[in-house]
Every structure is written in C-alpha cells, then in structure tokens.
Amino acid sequence: MSRDAAHYSPRVLELFVQLPGADALAAGAGAMASGEAIALDRGAWIRFEVRIEGGRIVDCVFRAWGCPHTLAAAAWVATEIRNGGIAGGAAIDASRLMRELGAPAEKMGRLLVVEDALRALLDRARALQ
Amino acid sequence: MSRDAAHYSPRVLELFVQLPGADALAAGAGAMASGEAIALDRGAWIRFEVRIEGGRIVDCVFRAWGCPHTLAAAAWVATEIRNGGIAGGAAIDASRLMRELGAPAEKMGRLLVVEDALRALLDRARALQ
Amino acid sequence: MGDSQPIYLDHAATAPLDPRVAAIMSECLSDPALQANPASAHAPGRAAAARIEGARAQVARLINAPPESIVFTSGATESVNLAILGAARAAGAAGRGLRHVVTSRIEHRAGLVACRQLEREGFEVTWLKPTADGRIDAAAVAEALRPDTALVSLMHANNETGALTDIDAVAACCRDRGVVFHTDAAQSAGKVPIDVVASGVALLSFCAHKLGGPKGIGALYVRRRPRPALQALQFGGGHEGGLRSGTLATHQVIGFGAACALASGAIAQDAARIRALRDRLWLGLQGAAPLWRNGAAESSLPAILNVGFAGIEGESLLLELDGRLAVSSGAACASATAEPSYVLRSLGRSDEAIQASLRLSLGRGTTATEIDRAARILVDGVRRLRSALPAGALERIA
Amino acid sequence: MGDSQPIYLDHAATAPLDPRVAAIMSECLSDPALQANPASAHAPGRAAAARIEGARAQVARLINAPPESIVFTSGATESVNLAILGAARAAGAAGRGLRHVVTSRIEHRAGLVACRQLEREGFEVTWLKPTADGRIDAAAVAEALRPDTALVSLMHANNETGALTDIDAVAACCRDRGVVFHTDAAQSAGKVPIDVVASGVALLSFCAHKLGGPKGIGALYVRRRPRPALQALQFGGGHEGGLRSGTLATHQVIGFGAACALASGAIAQDAARIRALRDRLWLGLQGAAPLWRNGAAESSLPAILNVGFAGIEGESLLLELDGRLAVSSGAACASATAEPSYVLRSLGRSDEAIQASLRLSLGRGTTATEIDRAARILVDGVRRLRSALPAGALERIA
Ligand SMILES: Cc1ncc(COP(=O)(O)O)c(C=O)c1O
Ligand SMILES: Cc1ncc(COP(=O)(O)O)c(C=O)c1O
C-alpha cells in the first residue's frame with residue numbers, strides 16, 4: 001500500500017482532491033438509475049447514479065469507499081458519463097481506467113469493482129432509455 | 001596483559017622509568033657473585049650481580065627481560081641489597097614484592113622468577129662470605 | 001507535501017533525536033580524543049572505553065540495573081533476537097531438553113519472527129492470545145508453562161496499542177518455575193518506570209531511538225544472578241562479555257547514555273504531560289465520530305492512541321494527511337512490509353476496521369498547538385472522505 | 001600519558017572519523033527533516049529513506065556493486081557472521097547435505113569464531129595454514145574443496161600483517177565448483193581497489209570505521225546472480241530484503257556512504273602516499289635493529305607494518321610508549337581478550353617473538369613528521385629496554 005503522493009499520477013491527485021461528482025443527484029425531472037458494486041475484501045465500494053431525461057443522461061454522480069485510485073476512477077467515470085452519456089460509459093473498462101489514471105498493477109482488482117458498478121449502471125440506464 | 005599506566009602503582013612506574021641499578025658492576029676490588037633465573041614461557045629473565053668486599057655487599061646491579069612489574073621488582077631488589085646486604089635480600093620473597101609493588105595477582109608467576117634469581121644470588125654470596 | 005514539516009505523531013516508530021543528545025554526539029564525533037577503538041589497550045582506546053562505561057551506567061540506571069548487566073547491541077531487534085534465539089538455543093543445546101517457548105500473538109515482528117525461527121529449529125511455541133483490550137494476562141502465562149518451557153517472551157508495551165503487560169506478575173511466576181523471562185521494553189523504556197531488580201525479569205530489551213537517542217544502538221539487560229544462559233548471535237572478538245562481539249560505536253553508546261539520563265529524570269513529568277495531550281487529542285477527534293479506540297485506555301502507554309474511523313479507507317486517509325501529518329496506519333507500522341496489522345487482528349478487529357485505523361503516537365516534543373492542529377486536520381479529512389461514502393458504508397466499515 | 005594526543009598508528013583497529021564525514025553526520029543528526037524512521041511510509045520517512053538509498057549507492061560504488069546488492073549491518077563482525085553462519089546454515093538446512101566449510105587459521109576472530117560455532121553445529125571446517133609470509137594460497141583452497149563444501153571464507157587483507165589474498169583466483173575456483181565464496185574485506189575496502197563484479201565473489205564484508213566512516217555500521221555485499229542462500233542472524237520487520245531486520249540508522253548509513261565516496265576517489269593516491277610513509281617508518285626503525293617484519297612486504301596492504309624487536313618484552317614496550325604512541329601489540333589487536341596472536345603463531349613465530357611485535361598501521365591523516373617522531377620514540381624506547389637486558393637475551397628473544 002503506497003501512500004506517497006509522488007506515487008500517484010497528477011490526474012489521480014487532482015481527482016482525489018476535488019472528487020467531482022461525489023454528490024447526490026440534484027432534484028429534477030425524468031428517471032433515475034443507479035449501479036452499485038461492493039467488494040469490501042478488495043477494498044472498494046462504488047455507487048453511480050444518473051438522471052435520464054428524454055432518453056439522455058443529463059447528470060451522473062457517484063459515491064465511493066476506496067483507495068485514491070478507486071475514488072479517482074469513480075469520479076472520472078462519472079464525469080465521462082456526464083459528458084458522453086451511455087456511449088461514453090460503454091467505452092470504459094478497468095484496463096482503460098488503469099491507463100487513464102496511471103495506476104499500478106496491484107490496483108486492477110479495485111478498478112474492476114469500479115467497472116462492475118459502471119456495467120450495472122449502464123444495464124439499468126439502457127433499460128430506461 | 002594490562003598496559004595502562006594507571007594500572008601500575010606509582011612505585012612501579014618510578015622504578016620502570018629510572019631502572020636504578022640496571023647496569024654493569026663498576027670495576028673494583030673484592031669478589032663478585034651472581035644469581036640468574038630464566039623462564040621465557042613465564043615472561044621473565046633476571047640476573048643479579050653483587051660485589052663483595054670484606055664479607056659485605058658493596059654493590060648490586062641487575063639485568064632483566066620482563067614486564068614492568070618484573071623490571072621494577074628487580075630494580076627494587078637490587079636497591080634493597082645495595083642498602084641492606086644479604087640480610088636485606090633474605091627478607092624478600094615474591095609475596096613481599098607483590099605487596100611492595102601493588103602488583104595484580106596474575107604477576108605472581110613472574111615475581112617468583114625474580115625470587116628465584118634472588119635466592120640463587122644469596123646462596124652464592126653467602127658461600128663467598 | 002508542503003514545504004513545512006508535517007506534524008509528527010509517529011514517535012512509536014521513532015522519536016526525533018533529542019537536540020541535547022545530538023549536540024553531545026556531534027561533539028563526540030569530532031573529538032580527537034575519542035576516535036580510537038574502545039577495545040584498544042592504548043591510552044586513546046582507554047579514553048573511549050571510559051566514556052562507554054560512563055554511558056553504560058546511565059543506560060543501566062534507567063531500568064535500575066547494575067552496569068555490568070547491560071549488553072550493548074545494534075538496536076531492539078538485535079536485543080530481542082539475542083534474548084529469544086540466544087536463550088532458547090542455549091537451553092535447547094544444553095541437552096536439558098527444554099524446547100518449549102511461550103510468547104504472544106501481539107509481539108513486535110522482532111519477537112514474532114524470532115519465535116517462528118525457533119519453530120523451524122524444532123522448538124514448540126505457545127502463542128498466547130490477547131484479551132479484547134489487547135493485553136496478555138499473567139494468569140494465561142502461568143497456565144501455558146510446562147516442565148520443558150525454556151523461555152517466556154512477552155513485550156512490556158505493545159507498539160501499536162500501547163497496552164502494558166504486568167511484567168512483575170509474569171516475572172514472579174516464571175521465577176517460581178525456574179523459567180527465563182524476557183520482555184521487549186522497546187516502547188516502554190524511558191516512558192514508564194522500570195525496575196529490573198524489583199520485577200526480577202531475566203532479560204529485557206530496549207533501544208535508544210524510541211526515547212530520544214540515536215538509531216542503531218540498543219541494549220539487552222542480562223540478569224546477573226541467576227544468569228540466564230545465552231548463545232550469541234554473532235561471534236568474534238568477545239566484546240560485551242562474549243555475548244555480542246563487534247567494535248562498540250563510541251558515539252552511539254554515548255548518545256544512548258545521554259538519552260537515558262535525560263529520560264530517567266523526566267519520566268513522571270513527561271508521562272503526565274503526554275497523557276494529557278493524548279486525552280486532548282481523543283477529545284478533539286470526537287468531531288470525527290463515529291470512531292473507536294483500539295486497545296485499552298487504561299494500563300497502556302500514555303503516548304499512544306490507536307483510533308479507527310468508521311467508513312474510512314486507510315490509503316485514502318493517508319493520502320489526505322500526506323505532508324501534513326506523519327502517522328502510522330493500521331496496515332503497516334514502520335515495518336519493511338505492508339500487511340493488515342496482526343496485532344489489531346488478534347484483538348478481533350475486521351480487516352476493514354484495521355485499515356480504517358491510525359496509530360497516533362506523541363512524544364516529548366509534541367505541543368498542544370500541534371495536537372489541536374492534528375485533530376482538526378484529521379476531523380476535516382475524515383469528514384471529506386465520508387462525504388463521498390455510499391449510503392450504509394459508515395455502518396459497514398467499522 | 002601526556003596532555004597532548006599520542007601519535008596514532010593504530011588505523012587497522014579503527015581509523016579516526018574523517019572530519020568531513022563527521023560534519024555530514026552532525027548535520028544529519030540535527031536535521032528535523034531526517035528524524036523519521038526510514039521504514040515509515042509517510043513523507044518524513046520517505047525523505048530519510050531517499051538519503052539512505054543515496055548512501056547505499058555510494059557504498060556500492062566503492063566495490064563496483066549494484067546498490068541492491070548491499071545489505072547494511074552493524075559492522076564487519078555482523079557482516080562476517082551473516083555471511084558465514086548465514087550461508088552455511090542455509091546450505092545445511094536446505095537438505096543438500098552441504099556441511100563442509102573452508103577457511104584459514106589467520107581469519108579475524110569474527111570469521112574464526114563463527115566457523116568454530118559452525119563446528120559446534122555439526123559442520124566440518126578445513127582450517128588452511130598460511131605460507132610463511134602470511135598468505136593463503138588459492139591453490140590450497142582448490143585442493144580443500146569437496147563435493148559437500150558449502151562455503152569458502154577467507155579474508156581479503158589480514159588485519160595483523162596486511163597480507164592480501166588473491167580473491168579473484170579463489171572466486172574463480174569457487175565459481176567453477178559452485179561453492180559460495182565469502183571474503184572479509186574489512187581491512188582492504190577503501191584501501192585497495194575492489195571490483196566484486198570482475199572478481200565474482202558471492203559475499204563480501206566490510207565496515208565504515210576502518211575507512212574513515214563511523215563505528216557501528218557495516219555492509220554485506222550479496223551477489224545477485226546467482227544469489228547465495230542466506231539465513232538471517234536476526235529476524236523482524238524484514239528490512240534489507242529480509243536479510244537484516246532492524247531500523248536503519250539514517251545518520252550511520254549516511255556517514256558510511258560519505259566515507260565510501262571519499263575513499264573511492266582517493267584509493268590510488270592514498271595508497272601511494274601511505275606506502276611511502278610505511279617504507280620511511282621501516283627505514284627509521286632500522287636504528288632499533290635487530291628487528292624483523294611479520295608477514296610479506298609484497299602483496300600486502302600499504303598501511304600495515306608488523307614488526308618485532310629482538311630482546312623486547314611487549315608489555316614493557318607498550319608502557320614505554322604509553323601516551324606517546326598508540327599502537328597494537330602482537331598480543332592483542334583490539335579484541336576484547338588478550339592472548340598471543342594466533343595469526344603470528346600460525347606464521348611460525350615463537351610466543352617470545354610474538355609478544356615482542358607491534359602492529360603499526362598508518363592512515364589517511366598520518367604525516368611524515370609523525371612517522372619520524374614515532375620512529376624516534378620506538379628506537380629510543382627499544383634501546384632503553386635493551387640496555388637492561390641480560391647477556392644473551394637479544395639472541396634468545398627473537
Ligand atoms: C516493541 C518493539 N520491539 C522492537 C522494535 C525494534 O526496534 P529496532 O527497529 O530499533 O531494532 C520496535 C520498534 O520498531 C518495537 O516497537
Ligand atoms: C579483518 C577484520 N574483520 C572484521 C573486523 C570486525 O569489525 P567490527 O569490530 O567493526 O565489527 C575487523 C576489525 O576489527 C577486521 O579487521
């Protein structure tokens with residue numbers, strides 16, 4: 001377990017400090033969908049929520065318990081979905097998270113939990129489209 | 001083996017520095033006697049010489065190879081004999097040397113070699129009296 | 001990491017060198033009269049040796065031991081190994097058939113891994129479990145003793161929770177049964193009063209760097225009468241009564257002595273002040289409730305507060321604190337490897353609770369201002385991370 | 001003992017700390033940014049660890065080793081024990097049945113007594129004899145090797161005579177036979193060039209205080225490929241790749257690194273200067289003839305002159321020199337016990353000749369003025385003691 005700021009990529013550090021989207025969905029119209037994955041033994045618990053209006057995702061937030069890479073991954077995924085919708089989310093998997101965040105190999109397990117939560121979200125969101 | 005000046009009594013140090021009587025007998029009349037004891041394995045080799053005039057010891061010198069206590073003991077014995085003659089010498093044994101010099105127990109073996117040389121000297125000197 | 005030094009609350013890993021000790025050591029390092037080998041018989045060697053014997057007396061005084069009973073080592077790890085491996089191997093080799101050792105599951109790795117090594121060498125080890133508040137019962141020790149018990153080894157103060165063992169009681173029961181008792185006092189020496197004569201321990205390990213002295217020097221107290229048999233770990237010139245060969249490091253020994261002398265005079269006062277600061281810290285941390293304390297509040301070192309924060313992930317908390325607060329996590333207390341703490345595990349904590357825990361350890365230099373700032377940093381950090389938690393996590397991560 | 005410092009010609013026992021190293025260490029001791037435990041994961045811990053890794057590279061460079069192959073220890077005694085006990089126990093425990101060790105009769109006590117311990121543990125040890133000039137022949141090593149040989153351990157430079165072993169030749173023959181070769185380079189490191197890669201030794205021990213660094217820190221070089229199996233001497237946090245647990249002493253490691261860096265750049269120059277001074281000393285001592293040299297003049301360290309004076313008793317000579325000249329006698333070279341040197345004995349010297357011998361060892365700080373004064377003091381002292389000799393003693397004590 002490394003806690004050296006120098007061992008985290010600048011992107012992870014920025015996302016960790018700001019945690020963009022670590023929030024509740026703002027009140028609004030339309031439908032809501034969520035996706036959650038819990039793996040305490042692997043050190044990660046992530047929940048995504050989206051609001052869908054007119055078949056399009058108009059907001060995406062997350063909640064997470066996990067290491068800095070996990071939190072940064074969740075924040076990054078939420079931002080991608082906010083900007084790119086379901087298509088944006090569908091283009092993401094754990095390997096891409098590893099690359100985007102410059103995460104070390106031992107973090108793969110946790111980022112797979114993020115991917116699980118993302119997949120669960122996208123399944124529900126697609127069902128609501 | 002201690003080489004700490006502080007571990008030698010002031011008397012040993014003084015005798016070691018001056019080595020009084022570490023000399024050849026001055027030329028003169030009368031008879032000469034000597035006593036020698038050699039114990040290389042015990043670390044001591046002592047030779048006493050006296051000049052006897054009119055039945056009395058008029059000079060005593062020594063030669064020695066040994067530790068500071070051995071050299072000091074030889075010097076002290078020679079001085080005692082110079083001053084006290086055979087009677088003076090006869091009053092000396094290794095135990096007395098230990099006391100006079102404040103020698104540690106492990107030096108007893110060497111001081112017994114000094115005593116041996118002294119005994120040999122006194123035997124010869126008595127024979128010449 | 002900012003430009004200024006973080007607040008240091010990791011004194012149990014190592015205490016900063018006391019500036020007075022640093023000054024004495026620096027002087028010694030550049031003193032032409034103290035450069036010789038203290039084992040040399042010549043005058044400069046004797047000068048160094050004389051200073052070492054002075055320091056030995058200072059070190060001995062800290063635990064009320066006679067100076068001749070102090071063996072200098074390279075640190076607590078070596079002392080603990082010399083005690084455990086040394087006593088067991090001597091007992092095993094003596095043909096007395098004593099091949100049983102009693103220890104606990106919450107020892108520092110030095111003791112723990114030394115005992116594992118004894119298992120590899122054919123010894124049988126009884127691993128005592130701590131009580132829920134992290135202490136080893138003297139009664140449990142008495143029960144574990146067998147006719148073939150060579151050694152009991154228990155730490156005096158636990159390095160993660162601060163929990164104290166009643167070494168007087170253990171020593172008494174070992175003495176009655178003729179068993180050698182070793183205690184690892186690396187954390188307690190200089191922090192709580194220790195009197196080896198009154199308690200009757202056979203072997204006691206400690207080191208300088210936990211009490212304001214230099215790293216890389218420690219001591220093993222070896223009772224004189226009766227004297228426990230010990231096999232050396234390293235052999236050579238026969239220094240330290242044959243128990244620990246190797247040139248003594250004059251400046252290190254002198255620094256250790258100075259640190260012990262300073263500690264000896266200040267234990268009661270330091271302990272009271274530090275305990276008050278720890279209580280203040282605990283109070284300040286209530287702003288980060290729900291939280292819990294690992295280990296007993298009573299009969300523990302005044303300087304250690306091991307605390308867990310519900311809903312917190314350890315690595316994120318440490319990054320949150322990085323550069324502002326230097327503390328140890330529940331996952332790795334200044335060891336070279338990182339795993340969930342086996343100490344907290346044996347107190348019955350879940351792995352989630354362990355990684356949500358921090359060991360905060362105070363020292364002589366810790367100030368009330370630092371404590372208040374540290375509490376604020378911790379409370380703010382915990383709150384920020386909790387603000388991102390999924391519903392239910394606060395309850396489940398605890 | 002006078003008020004001024006005696007002339008120090010005992011650098012083989014320990015060299016004075018280089019003032020530049022002392023300054024670096026003092027700075028480190030009082031630097032608030034270097035106080036943490038280098039094993040701690042927090043920022044100040046990492047700062048200390050970074051300095052340690054810098055020093056490791058400096059230490060490695062002295063012997064042309066990769067930094068990862070350096071294990072820090074508390075000194076050469078520990079390094080030698082870790083190498084010898086560690087390699088033999090690992091080979092013995094591995095069930096490979098390798099229970100034979102080759103060493104010599106002129107090893108430093110660290111190696112000698114470690115090998116005696118191996119004998120107690122059931123190993124068979126071949127004790128090679130030196131040639132008359134104090135060297136161990138590589139050919140004799142080759143002859144001693146057996147199919148069950150686990151380890152060859154030979155010192156690089158002898159601490160009493162300075163005689164050098166051809167470690168390249170020994171390493172080559174061990175490599176061919178798949179035997180681990182350890183060399184004790186405590187005396188040679190920083191004095192003569194060493195290249196572990198070129199020579200192919202498996203294990204090499206050295207320490208800081210013989211080359212201008214602090215006492216209480218040493219290193220063991222452990223070849224990476226193939227890596228000799230080693231059992232640790234002390235167990236714990238798993239520092240130094242698991243080979244040597246225990247908190248690293250930052251200031252000690254940094255001092256060691258600085259001393260190695262200084263030595264690395266100065267070996268050739270220092271060696272030439274010191275060899276010239278030693279030759280000047282030998283010349284100056286001719287005034288005390290009859291005298292003899294113990295050990296070879298060639299293939300030996302430039303800094304050591306082991307000389308015997310006919311007809312001299314060692315303790316008296318040392319008292320004669322006390323406070324004016326700091327040297328080691330043939331009877332006890334900075335060991336904690338005093339016996340006639342087994343090294344000189346195994347060169348065939350009589351006990352009388354051994355005790356009449358002195359080891360004069362020069363260092364970086366030695367000046368021509370000191371050498372001339374030392375020669376005068378020795379010649380005068382020898383002459384004074386000889387003036388009291390019985391007839392025939394000059395011939396018999398030699
Ligand atoms: C209880 C205990 N024992 C032993 C040690 C080992 O000390 P060192 O690393 O100085 O050898 C420590 C410190 O890490 C400790 O806390
Ligand atoms: C050849 C040799 N090996 C080992 C040692 C032991 O060194 P230390 O006493 O620093 O452990 C010495 C120095 O005394 C030595 O000269």
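So you know, we letter chains A, B, ... as the sequences are listed, proteins then strands, and number each from 1. In this text, all values refer to a predicted model and were calculated from it rather than measured experimentally.
Residue D:Val21: no heavy atom, backbone or side chain, is found under 4.5 Å from chain C. For chain C, the nearby part of D:Gln231 is the side chain; its heavy atoms alone come within less than 4.5 Å. If you measure heavy-atom distances from D:Leu248 to chain C, the contacts under 4.5 Å come from the backbone alone. When heavy atoms are compared at a cutoff of 4.5 Å, D:Arg120 approaches chain C solely by way of its side chain, counted from C-beta outward. For D:Leu233, the parts sitting under 4.5 Å from any heavy atom of chain C are the backbone and the side chain alike. With a 4.5 angstrom heavy-atom cutoff, D:Pro16 touches chain C via backbone and side-chain atoms both.
Residues of residues 71-79 of chain C that come within less than 4.5 angstrom of chain D, heavy atom to heavy atom, are C:Ser74, C:Thr77, C:Glu78 in numerical order.
Defined by atom type and a distance below 3.5 Å, a donor-acceptor pair is missing between the side-chain atoms of C:His251 and C:Gln35. A donor-acceptor contact closer than 3.5 angstrom is absent between the side chains of D:Ser205 and D:Asp184. Counted by atom type alone, D:His42 and C:Asp322 present zero donor-acceptor pairs between their side chains at under 3.5 Å.
Ranked by heavy-atom pairs under 4.5 Å with chain D, the list C:Ala33, C:Ser30, C:Pro19 is led by C:Ala33. In terms of non-hydrogen atom pairs under 4.5 Å with chain C, the most contact-rich of D:Gly216, D:Gly246, D:Ala326, D:Ala22 is D:Ala326.
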Stepwise side-chain hydrogen bond (donor to acceptor under 3.5 Å, both in side chains) check, D:Glu160 with D:Ser341: CA-CA 9 Å; D:Glu160 297 194 30; D:Ser341 157; 2.6 Å; yes
